[in-house]
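Structure record follows, encoded as structure tokens.
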Amino acid sequence: GIIFPEIRKKKNGYKILAVDDDIVNLQILVNYLVPEGYSITAESDAGKVTEYINKEKYDLILVDIMMPEISGYEVCEKIREKYSLYDVPVFLISAKVQEIDKNRGFEKGANDYITKPFDKTEILNRINTVINIKNLTQKLVTNYEEYMGEKLKREEAETYKEKLKYEMMIKFATGLVHELKDPINMIENNAEKMKSESLNKELKDRLDIILNEVERIANMGRQLLIFGDSKGEFYKFEKINLQQILNKLIEVKEGEFEAN
């Protein structure tokens, strides 16, 4: 079970969990780290690591590889099920320094190794380095999240502006259609009336052209009204040549005067 209760010294506030079945090794780690301001929890039962990491998030976990019931590799795997390499770094402790053991540890999710017998300077340097890397990574992640949050706000603001411009355009266009409705009806009614009178074939043909153009404008107006009520559906409109229609109307009127 637990060998030492959590020992705190208010200097840096970083929390370390040390797991080793050898009480002497745990005592050495406590003696090294507590004066540096680390809060230490020392545990001799590796089977309780899951319980510890579910209760609290540590800044670093030190785990001995060779323990009687569960190896440090297995403990490392359990930690990695919950935390990434930079969320909670893990150092494996071993007297073995063969390359094959190191590779296996890295494959299981270890960040680094501490070898026995302990070297105080080496341990403190490695721990300080990995915690600094962890802090830098967290700052980068936080800065990135803040940046993305601001970017999203800017994009939402731009989207709102575009939507507002779109709505204003539709309001203007639909208003224009309503304003054009009466003149179009007047042209159409007068053209129909003129067509019903006794006119020569050429004038009737021109009136047919005028009526076709008026109908085309009316259709486009109806489409624009549908467009204004739609939810993002776009229609392809033909370009209207109002000048051409007016010219044809003038020609008809001139023909009337000539006929009279």
Side-chain angles (χ1 to χ4, degrees), residues 2-20 25-46 48-65 67 71-94 97 99 101-154:
I2 188 168
I3 305 302
F4 308 102
E6 185 180 34
I7 303 171
R8 294 180 181 271
K9 187 171 183 179
K10 293 182 179 179
K11 184 177 178 183
N12 59 36
Y14 295 121
K15 299 177 182 180
I16 297 177
L17 173 63
V19 184
D20 195 325
N25 288 336
L26 291 175
Q27 182 64 67
I28 292 171
L29 291 172
V30 169
N31 293 343
Y32 285 172
L33 299 175
V34 169
E36 297 299 317
Y38 294 103
S39 299
I40 309 296
T41 299
E43 176 59 61
S44 62
D45 185 355
K48 292 185 178 180
V49 169
T50 302
E51 181 182 334
Y52 279 106
I53 64 175
N54 285 335
K55 285 182 179 178
E56 189 162 11
K57 185 178 180 180
Y58 293 90
D59 296 291
L60 174 65
I61 299 177
L62 309 175
V63 184
D64 186 43
I65 292 178
M67 290 184 287
S71 73
Y73 300 125
E74 293 172 280
V75 172
C76 193
E77 282 184 310
K78 289 183 180 295
I79 295 169
R80 289 293 165 251
E81 288 174 4
K82 187 174 180 66
Y83 296 111
S84 71
L85 282 163
Y86 295 107
D87 281 333
V88 178
V90 175
F91 281 5
L92 292 178
I93 304 170
S94 178
V97 291
E99 200 64 32
D101 293 320
K102 287 186 178 181
N103 288 336
R104 185 181 176 191
F106 292 136
E107 288 170 1
K108 300 298 182 182
N111 294 71
D112 205 347
Y113 273 82
I114 295 176
T115 57
K116 294 184 284 189
F118 296 133
D119 180 289
K120 181 179 180 180
T121 301
E122 180 186 4
I123 289 175
L124 293 177
N125 285 338
R126 287 178 182 271
I127 289 175
N128 287 335
T129 298
V130 77
I131 286 181
N132 286 337
I133 291 172
K134 175 190 171 185
N135 290 339
L136 178 61
T137 303
Q138 288 177 339
K139 285 180 182 178
L140 289 171
V141 170
T142 300
N143 290 341
Y144 177 74
E145 289 174 346
E146 290 176 354
Y147 165 75
M148 292 304 293
E150 290 299 320
K151 183 181 178 185
L152 182 60
K153 287 179 183 177
R154 289 195 298 271

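Taken to the nearest 0.5 Å, the OG atom of Ser71 stands 6.0 Å off from the CZ atom of Arg104. Between the OH atom of Tyr147 and the CG atom of Leu140 there is a distance of 14.5 Å, given to the nearest 0.5 Å. Atom CD1 of Ile114 and atom CD of Glu122 lie 7.5 Å apart (nearest 0.5 Å). For the atom pair Ile127 CD1 and Asp59 CG, the distance stands at 11.0 Å (nearest 0.5 Å). From Leu124, atom CG reaches atom CG of Asp119 across 9.0 Å, with rounding to the nearest 0.5 Å.
Of all non-hydrogen atoms in Ala110 and Cys76, the two that sit nearest each other are N-SG, 3.4 Å. Among all heavy-atom pairs drawn from Arg80 and Gly109, the shortest one is NE-O, 2.8 Å. Across all non-hydrogen atoms, the minimal contact from Lys134 to Asp87 is CE-O, 3.2 Å. Taking each heavy atom of Ile65 and Ser94 in turn, the nearest pair found is CD1-CB, 3.4 Å. Closest of all the heavy-atom pairs between Asp112 and Arg126 is OD2-NH1, 2.7 Å. Of all the heavy atoms in Leu17 and Val19, the pair that sits closest is CG-CG2, 3.9 Å.
Counting heavy atoms from C-beta outward, Lys108 and Leu92 have side chains that stay 4.5 Å or more apart. Inter-residue side-chain proximity for Lys82 and Asn54 is flagged as met; some heavy-atom pair is nearer than 4.5 Å. Contact check for Ile123 versus Phe91: no side-chain heavy atoms found under the 4.5 Å cut-off. The closest side-chain heavy-atom distance from Met67 to Val75 is below 4.5 Å. For the pair Val130 and Leu60, the minimum side-chain heavy-atom distance is below 4.5 Å. The shortest distance between side-chain heavy atoms of Val88 and Ile53 does not fall below 4.5 Å. Using a 4.5 Å heavy-atom threshold, the side chains of Val49 and Lys78 count as separate. Counting only heavy atoms from C-beta outward, the side chains of Ile93 and Phe118 approach each other to under 4.5 Å.
Every side-chain contact (heavy atoms from CB on, under 4.5 Å) that Asn135 has, sequence neighbours left out, goes to Tyr14, Ile131, Gln138. For Glu51, the side-chain hydrogen bond (donor to acceptor under 3.5 Å, both in side chains) partners two or more places apart in sequence, or in a different chain, are Lys55.
Here the rule is side-chain contact (heavy atoms from CB on, under 4.5 Å) with Ile40, and of Leu33, Leu26, Asn31, Leu29 only Leu33 fits it.
Electrostatic pairing of Lys116 and Asp64 counts as a salt bridge here, judged by a charged N lying under 4.0 Å from a carboxylate O.
Annotation: Tyr58 is not in aromatic contact with Tyr38 [ring centroid separation under 6.0 Å not met].
By the 6.0 Å contact criterion, OH on Tyr32 is enclosed, its count of non-hydrogen atoms from other residues, nucleotides or ligands being greater than 12.
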